[in-house]
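Handing you a structure now.
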Amino acid sequence: MLFITSNEGKFIEAKKIGERYGINIEWKRMEYLEPQGNDLIEIARKSAELLAEKIKEPFFIEDSGLFIEALNGFPGPYSSFVFKTIGNEGIIKLMKGIKNRKAYFIAVIAYFDGKNVHTFIGRVDGEISEKIRGTKGFGYDPVFLYGDKTFAEMGDEKNEVSHRRKALERFFEWYASL
Ligand code: IMP
């Protein structure tokens, strides 16, 4: 099963989750065009459709985002740009003094079966921490609190509960039922 992503952190997690389902995930490290938009599902679907014009064999991609309740869902579909520009320090600053710290991650998998694109979604709820904590994982992991630990403090435990785990689980269960 080919996973196209330029993000090594995503690949490592997906690989470990796949192993639990007996599915071998291979990495095709590649950047691809991601159309902008407000809807992660549409972005993932369109990205997969564009890629399918070049890659003829089955593959999947994954698009994810962090949604902060007090910021009306920001950064959401713009999570990648926001991470590159203001990063975790910027998120902590934006959230300074804000009591409602609820946030969630969404992951959307788009699988191209050689003909059609199928999408699968996963969500995990948590909170934005008061400060950056932990060194494992990637991206927003050091500011995303799940219970009393950030994802960056959890290491592989993250893979039990993450948005990516849930989306992959849905995908693999569907795949196994074909
Ligand atoms: P994209 O899906 O590659 O566009 O990712 C959007 C942004 O969210 C990137 O900056 C990722 O680093 C970040 N991100 C995606 N998944 C996770 C995660 O599991 N933990 C922390 N950050 C994530």
Side-chain angles (χ1 to χ4, degrees), residues 3-18 25 27-51 59-69 71 73-92 94-95 101-112 117 119-129 131-147 149-171:
F3 182 15
I4 302 182
T5 178
S6 58
N7 183 328
E8 187 175 14
K10 282 188 183 182
F11 166 70
I12 290 171
E13 286 183 11
K15 174 106 189 139
K16 286 183 184 161
I17 296 165
I25 297 181
W27 187 14
K28 188 165 172 67
R29 182 177 209 152
M30 183 177 155
E31 301 256 1
Y32 53 84
L33 192 71
E34 221 179 65
Q36 284 295 309
N38 293 322
D39 181 342
L40 275 190
I41 298 179
E42 272 315 298
I43 296 171
R45 176 179 289 283
K46 291 230 173 69
S47 306
E49 284 169 358
L50 284 171
L51 261 177
F59 66 82
F60 71 94
I61 56 166
E62 187 243 87
D63 197 23
S64 31
L66 173 70
F67 295 74
I68 304 177
E69 198 175 277
L71 305 180
F74 178 88
Y78 306 101
S79 294
S80 177
F81 178 72
V82 170
F83 186 75
K84 281 186 216 139
T85 50
I86 63 169
N88 286 327
E89 288 86 0
I91 295 291
I92 296 290
L94 279 176
M95 290 298 287
R101 308 197 65 88
K102 282 187 199 153
Y104 56 90
F105 275 116
I106 296 266
V108 180
I109 306 261
Y111 171 62
F112 174 66
V117 173
T119 57
F120 305 87
I121 189 161
R123 168 175 170 156
V124 61
D125 285 88
E127 280 175 274
I128 300 299
S129 56
K131 54 186 174 81
I132 290 174
R133 282 169 39 187
T135 53
K136 296 167 193 151
F138 66 97
Y140 296 108
D141 282 347
V143 298
F144 189 81
L145 266 179
Y146 182 82
K149 281 186 195 164
T150 65
F151 268 179
E153 292 171 324
M154 287 171 74
D156 282 354
E157 279 170 67
K158 170 189 173 187
N159 296 338
E160 307 283 334
V161 298
S162 75
H163 49 312
R164 184 159 300 104
R165 162 68 181 265
K166 287 176 191 150
L168 284 168
E169 208 165 66
R170 292 200 170 124
F171 170 34

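Atoms within a ligand are numbered from 1 in the order they appear, just like the ligands themselves. Any value given below was found using the heavy atoms of this structure, including those in side chains, with hydrogens, waters and symmetry copies removed. Just so it is clear, the model here is predicted, and its values are computed rather than measured.
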Check your understanding: Counting heavy atoms only, which of Val143, Asn159, Asp141, Ile43 is nearest atom 21 (C) of ligand 1?
Key -> Asp141

Check your understanding: Counting heavy atoms not belonging to Tyr78, are there more than 12 under 6.0 Å from its OH?
Key -> yes

Review point. Nearest protein heavy-atom contact for atom 12 (O) of ligand 1: which residue, which atom, what distance?
Key: Gly139 CA, 3.5 Å

Review point. Taking atom NZ of Lys15 as the centre, does the number of heavy atoms from other residues, nucleotides or ligands within less than 6.0 Å exceed 12?
Key: yes

Check your understanding: Tell me: protein heavy atom nearest atom 16 (N) of ligand 1, and distance?
Key ->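 Looking at atom 16 (N) of ligand 1, the protein heavy atom closest to it is Arg164 NH2, 2.8 Å.
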
Practice item. Any chance you could lay out the side chain to side chain contact (heavy atoms under 4.5 Å, CB included) test for Leu51 and Phe112, step after step, and finish with the verdict? Key: CA-CA 9 Å; Leu51 261 177; Phe112 174 66; over 6 Å; no

Review point. Could you go step by step and tell me if Met95 and Leu71 meet the side chain to side chain contact (heavy atoms under 4.5 Å, CB included) rule?
Key: CA-CA 9 Å; Met95 290 298 287; Leu71 305 180; 4.0 Å; yes

**Study point:** Atoms in ligand 1 with a heavy atom of Phe138 nearer than 4.0 Å
**Key:**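 Once the distances to Phe138 are compared, the set is 12 (O), 14 (N), 15 (C), 16 (N), 17 (C), 18 (C), 19 (O), 20 (N), 21 (C), 22 (N), 23 (C).
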
Exercise for review: Note the single closest protein heavy atom to atom 13 (C) of ligand 1, along with its residue, its atom name and the distance in Å.
Suggested key: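 The closest heavy atom on the protein side is Tyr140 CD1, 3.8 Å.
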
Exercise for review: Considering only non-hydrogen protein atoms, determine which one is nearest to atom 6 (C) of ligand 1 and report residue, atom name and distance to 0.1 Å.
Suggested key: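 The closest one turns out to be Ser64 O, 3.2 Å.
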
Exercise for review: Looking only at distances, please establish whether an N/O atom of ligand 1 is found under 3.5 Å from an N/O atom of Asp63.
Suggested key: yes

Revision key, fill the gap. Ligand 1 atoms nearer than 4.0 angstrom to some heavy atom of His163 are 16 (N), 17 (C), 18 (C), 19 (O)

Review point. Could you walk me through whether Tyr104 and Glu69 pass the side chain to side chain contact (heavy atoms under 4.5 Å, CB included) check?
Key: CA-CA 8 Å; Tyr104 56 90; Glu69 198 175 277; 6.0 Å; no

Revision key, fill the gap. Given the options Phe60, Phe171, Phe3, Phe59, Tyr111 meets ring pair (Phe, Tyr, Trp, His ring centres under 6.0 Å) only with Phe171

Check your understanding: Rounded to the nearest 0.5 Å, how far apart are CD1 of Ile128 and CD1 of Ile92?
Key ->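 Reported value, rounded in 0.5 Å steps: 7.0 Å.
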
Check your understanding: Would you say Lys46 has more than 12 foreign heavy atoms packed within less than 6.0 Å of its NZ?
Key -> no

Point to revise | Atom pair OH (Tyr146) and CD (Glu127), whose distance is rounded to the nearest 0.5 Å | key: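 Interatomic distance, Tyr146 OH to Glu127 CD, rounded to 0.5 Å: 12.0 Å.
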
**Study point:** Which of the ligand 1 atoms, numbered from 1, are nearer than 4.0 Å to a heavy atom of Lys158
**Key:**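 Listed by number with element, the hits are 18 (C), 19 (O), 20 (N).
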
Point to revise | Close-contact set for ligand 1 against Phe83 heavy atoms, below 4.0 Å | key: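 Checking each atom against Phe83, I get 10 (O).
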
Exercise for review: State the atoms of ligand 1, each with its element, that fall below the 4.0 Å cut-off from a heavy-atom position in Ser80.
Suggested key: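 The atoms of ligand 1 under 4.0 Å from a heavy atom of Ser80 are 4 (O), 6 (C), 7 (C), 9 (C), 10 (O).
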
Practice item. Would you check the N or O atoms of Asn7, main chain and side chain alike, for any that come under 3.5 Å of an N or O of ligand 1? Key: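 No - when backbone and side-chain N and O of Asn7 are compared with those of ligand 1, no distance drops under 3.5 Å.
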
Practice item. State if Lys10 counts as touching ligand 1 under the rule of any non-hydrogen atom under 4.0 Å. Key: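 The answer is yes, since Lys10 has a heavy atom less than 4.0 Å from ligand 1.
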
